[in-house]
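In what follows, every heavy atom counts, from backbone to side chain, and hydrogens, waters and symmetry copies are set aside. Nothing here was measured: the structure is a model prediction, and the numbers come from that model.
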Amino acid sequence: MKQLSGLDASFLYMETPEMPMHVGALHLFELPASYKGSFLDDVRRHIESRLPLAPALSRKLAWMPFNLANPVWVDAAPDLTQHIVGIKLPKGSGLAELDEQVSQLHPVLLDRDRPLWKFHVFEGLAPGPDKTRRVGLYTQLHHAAVDGQAAIALAQAILDVQATPRSIEHETRAAKKLDIGLADMLSGVLANQLQQYGNLVKALPSTVGALSQVATQGVRSVAGRAVAQVRGSAGDASIGLAPRTRLNASVSDGRAFAGVSLPIAQIKTLRRAHAATLNDVVLMLCGGALRRHFLQHGPLPRKSMVAAVPVSTRAAGDTTANNQASMTVVNLGTHLADPMERLLYVKAASAAMKSTLGSVKSLMPTDFPSLGVPWLMSTVTSLYGKAKVADRLPPIANVVISNVPGPAFPLYMAGARMLTNYPASIVVHGVALNITVQSYDQSLDFGLMACAKAMPEVAELAAHLEATLAELLALPATSEPVAKVTPEATSKPLSKPVSKPKPKVTAKPRARSPAKAAAAL
């Protein structure tokens, strides 16, 4: 029995029919040429074999009496016929039909009486270029159970680095009691709450000191340095309230989804040409695409649109299946028509955001006392949506943009090769568009989830990402290329003869086992 942290549980309390709080991804798989079986049946058998490695798939919620505190996770055996379902599509369907299926399935809430996940297997897709059979998979995992990095760890357990599934050594574990007594539950929760209050008291002195230091430095001075980098061309890159757009409204219970893949080689070319990070390039692409979209469908704000950017607070090597993240904001330069000015603006805005983030990242809590919080938070969330408060509050951000690193090599499941990995994430009242990005193999895969009422043309926005990439690649480089070091350039005349060095014996690299290769994902 483990009680949910305050951050994990908040995704349960904020969930309504208009705001589903599960995440997932849309995958396209290619089956071996000789494949003859049922992929749905094979996926069920495959997941069953991996359950010992994926505890997040074998636990469900147990609620506190009177909903006075956060619920706890208890072990539960999933019924795979209910959690992994098949869907027949019209013969010859493609990615557009898969996007539409995600748009229809994403608003359906997960059953809280079962483990909080569900997989949908799609048959009927058009074959690949070499006539190989293709299938689709849409996964749903509740955000109360995983964040982006935890989902990556879960994928490591489920997926393989070669077509032949690796062998799994099943650990024998003693069966855990599913029926927890009321006294045990209350005593465990009370102990957890007392510990949380104690942690807050212990952390108070260091928190106050850190906040004082940040206040002394001044956020405005940091933003000012960013402005100085682009003065005369990019304008003010400082952080402020976002302009109101049609994305800053209470969301409906409808969704519109689209996925698009961009070549990772071209993304790396942009990074080198402009001394930028991958996150910088993602922000540049999204800003340019949003500008194109709002120029077409209007109105384009005169002020820069602002992105809310999730920030991981997870320690290196931590694969715990929970949420360890917070949020910051960054300007996108959508008000600038010149693509070069916009590029420099985004770089400066991103640098300003990072320089302030380091001082407060350790202060972002992921857990806190929850006595009385569940019923209060659920009531406030319901009233917030019904009263359409988001339509009147000044917007902090216009879009959520999240970048999750992924593997740079192909992965397999149940013998099928995964071709795409389009993330599907959450939209909330006041921010009706979420763009989540994950690198995979030779591509950068974008998953765009929007409220269908606020932005039904999300497929057009996906196409604008491709156009923006071409626009940025056409710009001249802003950073000097690194000169190649040649033996001729580094050799110097020797003042005296030297003995000829003995040839080095280089051992051949050993091939990694599938298990070790998977662990390196």
Side-chain angles (χ1 to χ4, degrees), residues 95 99 230 233-235 237 242-243 245-247 256-309 330-350 397-404 420 422-423 425 433-440 442-450 455 457-479:
L95 286 175
D99 288 348
V230 290
S233 61
T245 70
R246 56 192 173 97
L247 297 175
F257 176 82
V260 62
S261 297
L262 302 181
I264 198 71
Q266 295 182 1
I267 303 298
K268 290 180 179 179
T269 297
L270 276 177
R271 291 182 58 185
R272 291 191 296 267
H274 303 288
T277 66
L278 179 61
N279 284 331
D280 293 340
V281 175
V282 168
L283 294 172
M284 293 172 191
L285 291 168
C286 293
L290 285 166
R291 175 179 171 81
R292 288 171 177 267
H293 185 85
F294 277 86
L295 278 174
Q296 179 179 354
H297 295 280
L300 175 68
R302 297 180 62 182
K303 182 181 176 182
S304 172
M305 295 177 67
V306 178
V309 181
V330 62
N331 286 1
L332 296 174
T334 53
H335 60 307
L336 299 171
D338 186 279
M340 179 61 81
E341 290 186 4
R342 199 182 321 122
L343 182 151
L344 296 174
Y345 182 99
V346 170
K347 277 191 63 179
S350 178
N398 308 108
V399 56
V400 175
I401 301 176
S402 179
N403 178 27
V404 182
T420 65
Y422 301 126
S425 197
L433 174 64
N434 182 300
I435 303 176
T436 303
V437 186
Q438 184 164 2
S439 54
Y440 171 64
Q442 302 301 312
S443 299
L444 198 62
D445 288 349
F446 287 71
L448 292 77
M449 183 70 71
M455 183 179 277
E457 327 88 359
V458 69
E460 295 180 21
L461 182 62
H464 290 322
L465 284 168
E466 297 176 302
T468 301
L469 175 60
E471 179 182 61
L472 293 177
L473 287 170
L475 295 176
T478 57
S479 64

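For the atom pair OG of S350 and CE of M284, the computed distance is 8.0 Å after rounding to the nearest 0.5 Å.
Between I401 and C286, the closest heavy-atom pair is CD1-CB, 3.5 Å. Residues M455 and A450 approach most closely at O-CB, 3.8 Å, considering heavy atoms. Summarising the geometry of N398 relative to P243, their closest heavy-atom pair is ND2-O, 2.6 Å, with the distance given to 0.1 Å. When all heavy atoms of Y440 and T420 are compared, the pair lying nearest together is CE2-N, 4.4 Å.
Applying the side-chain contact (heavy atoms from CB on, under 4.5 Å) criterion to T436, with sequence neighbours excluded, gives S402, P423, S425, N434. Take T277 and apply the side chain to side chain donor-acceptor pair (under 3.5 Å) test, not counting sequence neighbours, and it matches D280, K354. The side-chain contact (heavy atoms from CB on, under 4.5 Å) test applied to L95 returns L28, L98, Y422, not counting sequence neighbours. The salt bridge (Lys or Arg N to Asp or Glu O under 4.0 Å) check on R271 picks up nothing, with sequence neighbours excluded. For E460, the side chain to side chain donor-acceptor pair (under 3.5 Å) test picks out Q296, H297, with sequence neighbours left out. A275 meets the side-chain contact (heavy atoms from CB on, under 4.5 Å) test with K347, S479; sequence neighbours excluded. Legend: residues meeting side chain to side chain donor-acceptor pair (under 3.5 Å) with H274, ordered by chain and number and at least two apart, are T478. With sequence neighbours excluded, no residue forms a salt bridge (Lys or Arg N to Asp or Glu O under 4.0 Å) with D99. The side-chain contact (heavy atoms from CB on, under 4.5 Å) check on S443 picks up S261, D445, with sequence neighbours excluded.
For residues 281-302, the salt bridge (charged side-chain N to carboxylate O under 4.0 Å, His left out) pairs, not counting sequence neighbours, are R292-E471.
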**Request:** For the pair F294 and L247, evaluate side-chain contact (heavy atoms from CB on, under 4.5 Å) and give the outcome as yes or no after the intermediate values.
**Result:** CA-CA 11 Å; F294 277 86; L247 297 175; 4.0 Å; yes
**Message:** side-chain contact (heavy atoms from CB on, under 4.5 Å) for L465 and L448? Distances and angles first, verdict last.
**Reply:** CA-CA 11 Å; L465 284 168; L448 292 77; 4.1 Å; yes
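Between L285 and V282, every side-chain heavy-atom pair lies at or beyond the 4.5 Å cut-off.
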